Amino acid sequence: MPAFRYRTLLMVGPWRATRRDALADAVRCGLARWAGEPWDRVTWRFPGEIEEREEDAPDAPASGAGA
């Protein structure tokens, strides 16, 4: 089952069960705003996107972690 999250140059959101939940996270954080119908249209304040992955796929390590 896929999982979704928002990603911008500034922030990455938590994984969510639906694309709409990930979009709602981005809107709540002020990184995007609803652009009207249909519900999945948003305008991003910064370049952003909704990422999708399979639920069993591991997260990539954060950049700069370790060394």
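Everything numeric here is computed off the predicted structure, so don't read it as measured data.
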Under the salt bridge (charged side-chain N to carboxylate O under 4.0 Å, His left out) rule, collect the residues that match up with E51, sequence neighbours excluded. R5, R7
Looking at CZ of F46 and OG1 of T8, how far apart are the two atoms once the value is rounded to the nearest 0.5 Å? 7.5 Å
Residues R16, Y6; criterion side-chain contact (heavy atoms from CB on, under 4.5 Å); working and verdict: CA-CA 9 Å; R16 300 293 188 194; Y6 68 83; over 6 Å; no
Atom CH2 in W44, atom CD1 in I50: separation rounded to 0.5 Å? 4.0 Å
Atom pair CZ/CG of R41 and L23 - distance to nearest 0.5 Å: 12.5 Å
Determine whether F4 and D21 make a side-chain contact, defined as any pair of heavy atoms from C-beta on separated by less than 4.5 Å. no
List for me each residue that meets salt bridge (charged side-chain N to carboxylate O under 4.0 Å, His left out) alongside R19, sequence neighbours excluded, and say none if there are none. none
Could you tell me whether the side chain of R45 and the main chain of G30 form a donor-acceptor pair under 3.5 Å? yes
